[in-house]
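Okay, structure first, notes after.
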Amino acid sequence: MSRYNFKETEAAWQALWAERRCFAAQEDARRPKYYVLEMFPYPSGRIHMGHVRNYTLGDVVARYKRAKGFNVLHPMGWDAFGLPAENAAMEKKVHPAKWTYDNIATMRAQLKSMGLSLDWEREIATCNPDYYRQQQAMFVDLFEAGLVYRKEASVNWDPVDRTVLANEQVIDGRGWRTGAIVERRKLSQWFFKITAYSEELLTGLQGLDRWPAKVRLMQENWIGRSEGARAFFGLAGRPDRLEIFTTRPDTLFGASFVAIAADHPLANEFGAGDPGLAAFLDECRKTAITAEAIETAEKKGYRTKLEVIHPFDGSWKLPVYVANFVLMEYCTGAIFGCPAHDQRDLDFARKYGLPVTPVVCPPGEDPGSFAIGDTAYLEDGRAINSRFLNGLDVAAAKRAAIQRLVELGVGEGTVHYRLRDWLVSRQRYWGCPIPMIHCEKCGIIPVAKEALPVTLPDDVSFDRPGNPLEHHPTWKQVACPRCGAPARRETDTLDTFVDSSWYFARFCSPKSERPFDPAAVDYWLPIDQYVGGVEHAILHLLYSRFFMRALSRIGLLQLDEPFAGLFTQGMVCHETFRDAAGNWLLPEQTKKTIDGAIVSTIDGSPVVVGRSEKMSKNRKNVVDPSVIIDAYGADTARWFMLSDSPPDRDLEWTTAGVEGAGKFAQRLWRLITERLSALPSAETPMPASIDARCEPLRRVTHKTIAGVTDDIEKFHFNKAVARLYEFVNVITEFVGTNGAQQAIPGCNWALREAFEALTRLIGPMMPHLAEELWRQLGHGQLVMETPWPEADRALTVDDSVTIAVQVNGKLRATIELPRDAAQSVAESAALAEDAVQRALAGKPPRKVIIVPNRIVNVVA
RNA sequence: GCGCACGUGGCGAAAUUGGUAGACGCAUUGGACUUAAAAUCCAAAGGUCGAAAGGCCAUGCCGGUUCGAGUCCGGCCGUGCGCACCA
C-alpha cells in the first residue's frame, strides 16, 4: 500500500511554484482582477494557529479565483512597528530592529511551509525606511491640508506602556494591550481629523453590502450620530452664555435645572470661590472610569451659586449643578435637565427636590391631570405646558423649538457625533518618527520632503523608562528648516495603526518611488476580499476607511472604500489544562491514561481540564503550527482548518480532528493512485456513447462540482469539505474497495472524470496533494494553471425525485416520481401508500396539499 | 442598562430559507484482515417502547400563526459580542 509522502511532495511543489513565479501578479487590463488580502501579521516571533486559519481561508479564495480566470493579487507583509519589540529590547537586550527582522525571517519561512499562493515579490515591512518615508510625506501633506493638527487635550495615558492611546484603544477604561487602567492626562498631542469624515464614514457603510452586518453596526454605533439642537443659556448677571446639547429640544419647557461636568471651565471658575464645590470637584476627578465603577457610582450633584436664563424666557432662571454624570468629553459638557422625560434627570430631581413638569402628554391621558411618578415618560405624545409648542407631537415640537431657537439667536439644530479625532502620537521609539520640528521662533514646521525619511537612530538605550528618542543625546537637535536656529525634533512616533491604514494600497506598487503608482492602484483597488479577525471591526477598519478618504483629499489616489468585501473569521480555541497547583500546562504536557484520566507528563499528577478558550500564550493552550505541519503536512493542517466549523465561527482545535484530516489525505492518495492503470489516458476524449451504468457516478461528479463551487463562493468551506467527503464515499462505493477489478469495465472514462474533478476541487484547499495527483493522472500542466471545472447542467438535475408524503404534517412514506410529475399523479401515488391509508384509518382525506417535487401532505 | 447575534445527538455541525431534522466529520460499539497490535475495510448508532413490523417523543422553555415550524411572530431562560453616566 503506497503512502503519500507529504514532506517531500510539499517541498517540491513549493519550490516549483516559486521557480515558475506562479503567484507573481502583474497588471493586465485584458483580465478581470481580484485582490484578496488577509490582515498582515505583527512579527511577534512565530506564527500561531490564528494565522494558519486566516491565511488558509484567504488562500482558498485566491487559488479558487485564479482557477476561475481572475488576475489575482495576493500579497503579504509585516506590521513591523510596535511595542513588543521595545519590550524585547528591554528584557533580552536585543535591538528592536534585529528582533523584528529575525522574527520576520522565522515567520516568513513558516508561512512558506504552508504553501500559500502569495506574491512574495511584493513583501513589505512597515519598519523599513522605504515604507515609512512615504508615510512621513503623507503626514506632511495631511498637515498642510489641515487634516493633521496638534492640540492640548485631556488624553488617555497607559501607565504601563507609558504612552498615550486613542479612544479606540481604550476598552472598558483599560489599555487594549496592557489591560492597565488608563489615566486622564492633559497633554499636547497630534491628531488626525477623522471627525471631518464622520458623516461620510457613516453613510459609506450603507454601500458595503459585502461586509458582515455586525461590523457595519459596530462602526455605526462607534460613530454615534445623534440629531438634536444646541442651545445657549445666558448666565445670570454676566454677558457670557452656557452652551448645551440636547436631542429633545421639544422638552425645553420642562427644564428644571442645568448640569455641567466637573471639568467644565465654569465649574473650575466657581470652585475657586466655593470650598464645598472645590471638594466636590476633587471627589469627581478621583472617580474611576471603569465599567464597574460607572455602574455602581451614585449620581451626585452640587448646586453652584450660578444661575442661567432659559433661552425661551428671559425671566426664567434655572439653577446650575455640577454633576458627576456629566462628561466633559461628550459634546459641550453641559446639559439641561428635564425630569419628566428622562429617567436620570428624574432621579436627580427627586433627590434634590427639583420641580417635575410634564411637557409631553401620552395619547389618551388628560393633559390637565397627567403627572409623572417614578418613571419618566419617553414616548411620543402631545406637547403640554409648553406655550407655543402646545398640541404638537414630539417630532413637530422638535422642529418648532429649533426654529424658535434660531429666530431668537439662542441656538440651532445640529448633529453630534460620538466619534473623536484620532490621537496618533505615541511616546515610543519603535514607530514611524513624526516628521515635525519645533522652533521657538517659527512654531511647528514640517521637515522638508527632500530631507525625508527622518530615520530612527540605531544607538538607543532602553535602560530607563520613557521614550528613548527623548533621551537620545543628539537625535532631536536640529536646525529649524525655516530660520536655521537651533530647534527640537518631534520625538513622538506614529500609532502603528497609521502604518496599517494604507499598506494594502502600497502592495499595488510596493517598490514605487511615490507612495502609489496611479495605474497600479487604479487597477487593483479596492480589495475584493479582505479576511481577518473581528477584533479590528472598529480600529483598523475604520482608520483605513478614513485614511483612504484623507489620501484622496491630498490627491495620492482616488478611493473611498478600500475593502469592498470583508470576511471576519472566528478564533481558534483549545481546551485548557492546569496541574494541581493551578499552573497552566501545554497540551503536549498532558496525556490520557488507559482508564481515561488526564495526567501531567511531567510528574504524572492529575490534570484539571478547563473550558476551551481562544489559544493564548498566557493559558498555554497553544499548538505550534510548525509542529503540526512537520507531523501531518501543510495540506492536512489546511484541510482541518476548513472542515467542520464554519469560517466565521470559533474553531475547536483537536488532535483527533487533525488526524482525521491526515487520514483523508492518505485515503485520497490511495483511491486515485491505486487505480491509475485502469484509467484511459489524460487526452482521451469523451466517448461517443457511455455505458448507462456510469451515469450515477457522472451525476454525482457534476453535482459535486456545482455544489463545491457554490459553497466556496459563499465562504461555506465546511460544507464544501463535507460534499467532497460524500463524493469520495460515492466513488469508493462505485469502484469497490479491492482495487480496480470491481469497477464497471466500461466506466473508466467516467472514473477519470470523477478523479480529475476531485483533484481540481481540492486544489484550493490541499494544493500540494492536488498538484501531485494531477501529475499522477498524467497531466503536464499544473493543476493551479488549470481552469476550474464546469458542471454539466444536464447532469446536475435528476429525472426522478423522492417526495415525502405526510399525513397531517407527519411523515408516513416517501415515493419516487418522475421530476415535475402531474399533481394528480403525485396525489394518487401518495394515497396508494399503505402507511398513508393506515394513518388515515379509513377516513377520506379532507384536503391534499402538493408542493411539486417536494412533498405531499394529506390532511385528514 | 441599551443594541446585536446565537441556543439542533456524546462532540464539531448540515438542513435547498416554511416542506423527509441530524448530511459530512470526530469520538463510540461490533465485525473482517492479523500470531498480535497499528493501519485499512465493512456495519451499527438521537431518545424511548417493541422480538420484529411499527409506534411515540425529540431542534433551550411557554404560547401563537400554518395543511406543515429548527426556520415566521410574541413572551421567558441561557450564552457570547459590542457600546455604555451619550445629554
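Order of the sequence lines sets the chain letters (A, B, ...), proteins ahead of strands, with each chain counted from 1.
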task = Give a yes or no on whether a salt bridge exists between A/Asp799 and A/Arg699, defined as a side-chain N under 4.0 angstrom from a carboxylate O.
result = yes
Complement of B/rC61, any strand, by Watson-Crick or G-U distances under 3.5 angstrom = B/rG75
ask   = C1' atom, B/rU71 versus B/rU65: distance in rounded Å?
value = 14 Å
task = Kindly say whether the aromatic ring centers of A/Phe253 and A/His310 come within a distance under 6.0 Å.
result = yes
inquiry  = Of the listed nucleotides (B/rC83, B/rA87, B/rA15), which one gets closest to any side-chain atom of A/Ile538?
reply    = B/rC83
ask   = Would you say the side chain of A/Thr251 lies within less than 4.5 Å of the side chain of A/Phe336, judging by non-hydrogen atoms?
value = yes
note = Mate of B/rC4 across any strand shown (Watson-Crick or G-U wobble, both atom pairs under 3.5 Å) is B/rG80
ask   = Are A/Arg230 and B/rA87 close enough that a side-chain N or O sits under 4.0 Å from OP1 or OP2?
value = no
ask   = At under 4.0 Å between heavy atoms, what does A/Arg846 touch on the DNA or RNA strands: base, sugar-phosphate, or nothing?
value = nothing
task = Would you kindly give the NZ-to-P distance between A/Lys214 and B/rG3, to the nearest whole Å?
result = 17 Å
request  = Counting heavy atoms from C-beta on, name the nucleotide in B/rC83, B/rA21, B/rC42 closest to the side chain of A/Arg418.
outcome  = B/rC83
query = Quick one: A/Leu346 CG to B/rG1 C1', roughly how many Å, whole number?
reply = 16 Å
Interatomic distance where CZ belongs to A/Arg812 and P belongs to B/rC67 [whole Å] = 19 Å
message = If you only use heavy atoms from C-beta on, which nucleotide in B/rA84, B/rA14, B/rU16 is closest to the side chain of A/Pro646?
response = B/rA14
request  = Mind checking A/Gln806 for me? I need base, sugar-phosphate or nothing, with any heavy atom below 4.0 Å counting as a touch.
outcome  = base
task = Show your working on side chain to side chain donor-acceptor pair (under 3.5 Å) between A/Glu243 and A/Thr332 and close with a plain yes or no.
result = CA-CA 7 Å; A/Glu243 184 185 348; A/Thr332 61; 5.7 Å; no
query = Ring centres of A/Tyr321 and A/Tyr302 under 6.0 Å apart?
reply = no
note = Contacts of A/Glu329 and A/Arg723 projected onto RNA chain B by closest heavy atom; the upstream (5') one is A/Arg723
task = Look at all strands and tell whether A/Leu217 reaches a base, only sugar-phosphate, or nothing, counting heavy atoms closer than 4.0 Å.
result = sugar-phosphate
query = Where does B/rG9 land, syn or anti, once you apply the within-90°-of-0 test for syn?
reply = syn
inquiry  = Rounding to an integer number of angstrom, what distance separates B/rG19 and B/rA69 when you compare their P atoms?
reply    = 11 Å
query = Would one find a side-chain N or O of A/Tyr330 under 4.0 angstrom from OP1 or OP2 of B/rA87?
reply = yes
Gap between atoms CZ and P, on A/Phe348 and B/rA87 respectively (whole Å) = 17 Å
key: Syn/anti state of B/rU8 by chi, 90° boundary around 0   = anti
task = Provide the Watson-Crick or G-U wobble partner of B/rA43, both distances under 3.5 Å; none if there is no partner.
result = B/rU29
inquiry  = Between B/rG68 and B/rA15, how far apart are the two C1' atoms, rounded to whole Å?
reply    = 16 Å
ask   = When the aromatic ring centroids of A/Phe640 and A/Trp653 are compared, is their separation below 6.0 Å?
value = yes
message = Rounded to whole Å, how long is the line connecting atom CG of A/Asp347 with atom P of B/rG1?
response = 14 Å
ask   = Can you find a side chain N or O atom of A/Asn718 that sits less than 4.0 Å from OP1 or OP2 on B/rA14?
value = yes
inquiry  = For A/Arg230, is there an ion pair with A/Glu412 - N to carboxylate O distance below 4.0 angstrom?
reply    = yes
task = Taking only the side-chain heavy atoms of A/Arg344 (C-beta and beyond), determine which of B/rC86, B/rC24, B/rA21 contains the nearest atom.
result = B/rC86
key: Nucleotide opposite B/rA14 in a Watson-Crick or G-U pair, distances under 3.5 Å   = none
ask   = When the aromatic ring centroids of A/Phe727 and A/Tyr725 are compared, is their separation below 6.0 Å?
value = no
message = Check for me whether A/Arg3 meets the cation-pi criterion with A/Trp669, that is, NZ or CZ under 6.0 Å from the six-membered ring centre and within 45 degrees of the ring axis.
response = no
query = For the side chain of A/Ser645, counting heavy atoms from C-beta on, which of B/rC83, B/rA87, B/rG12 is nearest?
reply = B/rG12
key: Presence of donor-acceptor pair under 3.5 Å, side chain of A/Asn857 and base of B/rC67   = yes
query = What distance, rounded to whole Å, do you find between the two C1' atoms, one in B/rC67 and one in B/rG18?
reply = 12 Å
task = Could you state the atom-to-atom distance from CG of A/Asp711 to P of B/rA13 in whole Å?
result = 17 Å
query = How far, in whole Å, is B/rC61 from B/rG70 if one measures between their P atoms?
reply = 11 Å
inquiry  = If I pick the P atom on B/rC85 and the same atom on B/rC72, what distance separates them, to the nearest angstrom?
reply    = 34 Å
ask   = What is the nucleic acid contact for A/Val326, judged by heavy atoms within less than 4.0 Å: base, sugar-phosphate only, or nothing?
value = base
task = Check every strand shown and say whether A/Ser226 touches a base, only sugar-phosphate, or nothing at a heavy-atom separation below 4.0 Å.
result = nothing
key: B/rG74 versus B/rA84 - spacing of their C1' atoms, nearest Å   = 28 Å
request  = Describe the nucleic acid contact of A/Ser643 in one word from base, sugar-phosphate, nothing, applying a heavy-atom distance below 4.0 Å.
outcome  = nothing
Side-chain-base donor-acceptor pair under 3.5 Å for A/Lys299 and B/rC85 = yes
message = For a quick test of reading the model: is some side-chain N or O of A/Arg649 closer than 4.0 Å to OP1 or OP2 of B/rC81?
response = no
key: Any A/Lys810 side-chain nitrogen or oxygen under 4.0 Å from OP1 or OP2 of B/rU20   = no
request  = Assign each of A/His716 and A/Asn808 to its nearest nucleotide of RNA chain B by heavy atoms, then name whichever residue's nucleotide is nearer the 5' end.
outcome  = A/His716
ask   = Which whole-number value in Å describes the distance from A/Gln343 CD to B/rC85 P?
value = 17 Å
request  = Assign A/Asp342 to base, sugar-phosphate, or nothing according to its heavy-atom contacts below 4.0 angstrom with the strands shown.
outcome  = nothing
inquiry  = If you only use heavy atoms from C-beta on, which nucleotide in B/rC85, B/rU16, B/rC24 is closest to the side chain of A/Leu327?
reply    = B/rC85
request  = Please measure how far the C1' atom in B/rG47 lies from the corresponding atom in B/rC42, and state the result in whole Å.
outcome  = 27 Å
task = Could you tell me the separation between the CD atom of A/Glu220 and the P atom of B/rG3, rounded to a whole number of Å?
result = 14 Å
request  = Identify which nucleotide among B/rA27, B/rC67, B/rC24 has an atom closest to any side-chain atom of A/Ala656, counting heavy atoms from C-beta outward.
outcome  = B/rA27
